[in-house]
Amino acid sequence: MTRTAFSPSLHVADLRLEAPAPAPADAEIPFARLDHADSELLHELLAAVARVAESGAFTLGEEVDAFEREFAAYCGTEHAVGVSSGTDALALALRALGISPGDEVIVPANSFIATAEAVTLAGARPRLVDVDPASHLLTADILAAAITPRTRAVIPVHLYGCTVDLDPLTEVARSHDIAVVEDACQAHGAHYRGRRAGAVADIGCFSFYPTKNLGGWGDGGAVVTSRPELAERVRLLRSHGEQPRYHHHVCGSTARLDALQAAVLRLKLCRLDGWNAERRALAARLRSALAGTGVGLPPKPDPHGDHVYHLFPVFSTARDALRAHLGEGGIATAAHYPVPIHLAEAYRHLRLRRGALPVAERLAQTTCSLPLWPGMRDDQIDRVAAAVASFDSKRRPGWRPTTSS
Ligand SMILES: *Cc1c(COP(=O)(O)O)cnc(C)c1O
């Protein structure tokens with residue numbers, strides 16, 4: 001792309017964005033694809049960014065208001081509040097619920113570390129628990145067994161885009177008077193019993209990190225809820241507890257969604273369902289192409305749930321060798337997540353030792369996420385599957401953590 005000199009009025013139409021030549025069949029397959037690789041989308045997004053830049057309204061304002069209305073409507077909640085990241089969305093949701101020092105919040109050890117960090121940021125203590133060996137997710141039974149007199153909330157994580165079976169879990173939470181905060185940072189647009197992920201429980205949290213199913217051009221997040229007092233509290237907390245200007249009611253933070261991000265997200269929200277449909281179709285193709293190879297396949301959602309395949313993990317006891325093999329074939333992979341939260345140095349003070357949460361530990365050692373992104377071609381999916389199949393699965397037997405076919 002040619003660089004344009006800055007001019008007071010940026011004419012995006014003047015930017016020459018050439019469509020990249022289609023990748024040759026043997027080109028590297030990246031792990032994910034970002035917006036700059038789609039010249040038509042990039043052009044549209046640049047025009048939206050230019051519009052905000054020329055308005056000079058960079059913080060909150062109309063663009064953020066409009067995104068909040070549109071995202072709430074999309075999720076089917078009364079309110080959406082734009083914040084600066086998924087981590088802040090979770091931390092502010094917990095604070096809005098009144099979680100404070102001395103409280104405990106139940107968090108699955110098989111998640112991105114931010115789920116636990118948010119609890120720490122809110123001043124409370126994460127109580128890390130193991131996940132179900134079949135679904136790799138939190139369940140009602142796991143929750144019931146972990147509740148203590150100090151437990152005030154639980155954060156089920158719709159990991160990799162697969163929904164947690166929330167109704168039984170919520171029932172357990174209700175009967176113990178603890179709040180449910182959905183971590184939907186990997187599940188934008190997924191359905192559960194006709195509702196959207198994030199909109200099922202008391203409050204739901206999203207990240208718009210660039211690689212997420214709905215991603216901005218930097219960091220961003222949102223909290224969704226239909227409880228007006230929670231939405232109002234998050235609104236206060238994200239901006240110094242201020243209402244109106246220079247009148248501070250609670251000790252808050254600088255945790256607002258940028259107007260530039262909102263402009264990008266508004267345009268991409270219109271395409272989210274289409275992209276998720278593409279992800280499901282690619283995942284179905286990959287799933288059937290991988291059947292019979294030595295690797296374990298990702299668990300399927302429960303009959304009331306959904307999967308939007310933020311990631312497509314496979315499982316192998318020879319994970320590192322599998323990743324090296326795929327890398328030699330020009331296929332990028334990732335390990336999500338190589339260290340379970342309870343064994344991270346940051347959480348050593350919780351004193352959970354190796355062996356304490358065996359399913360999460362096993363997953364950390366065996367998970368290999370394969371490339372999957374909207375716009376990926378069938379021949380690229382087939383190449384990924386063929387490369388996995390050619391890995392010596394006899395010498396390195398795959399671990400099958402699930403009974404789902
Ligand atoms: C990305 C992510 C977060 C944190 O979001 P950030 O925007 O990176 O702060 C939290 N939980 C899960 C499960 C995530 O994937």
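Everything quoted here is computed from the prediction, not taken from an experiment. In what follows, residues are counted from 1 in the order of the sequence shown. Whatever order the structure lists ligands and atoms in, that order sets their numbers, starting from 1.
If you run side chain to side chain contact (heavy atoms under 4.5 Å, CB included) between Arg127 and each of Val107, Asp103, Thr148, Val119, only Thr148 comes through.
Judged by the 6.0 Å distance and 45° axis criteria, Arg196 is positioned over the aromatic ring of Tyr74.
Of the polar atoms of Gly86, at least one N or O is found under 3.5 Å from an N or O of ligand 1, judged by distance alone.
Using 4.0 Å as the threshold, Lys212 has a heavy atom nearer than that to some atom of ligand 1. Not a single heavy atom of Asp219 sits closer than 4.0 Å to an atom of ligand 1. Judged by the shortest distance from any of its heavy atoms, Ser111 lies inside the 4.0 Å radius around the atoms of ligand 1.
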- Message: Determine whether Tyr160 and Tyr309 satisfy the following criterion, ring pair (Phe, Tyr, Trp, His ring centres under 6.0 Å), listing intermediate values before the conclusion.
- Response: CA-CA 6 Å; Tyr160 309 144; Tyr309 293 96; 10.0 Å; no
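Summary of contacts: the protein heavy atom closest to atom 8 (O) of ligand 1 is Ser207 OG, 4.0 Å. When only non-hydrogen protein atoms are considered, atom 9 (O) of ligand 1 lies nearest to Thr87 OG1, 2.5 Å. Nearest protein heavy-atom neighbour of atom 13 (C) of ligand 1: Asp183 OD2, 3.4 Å.
Crowding of Arg279 atom CZ: a count of heavy atoms from other residues, nucleotides or ligands under 6.0 Å exceeding 12.
With no hydrogens or angles considered, a side-chain donor-acceptor pair links Asp35 and Trp217 at under 3.5 Å. The closest side-chain donor-acceptor pair between His336 and Ser369 falls under 3.5 angstrom.
Every atom of ligand 1 is numbered from 1 in the order shown, and the set under 4.0 Å from a heavy atom of Val157 is 13 (C).
Both the backbone and the side chain of Ser85 come within contact range of ligand 1, each with a heavy atom under 4.0 Å.
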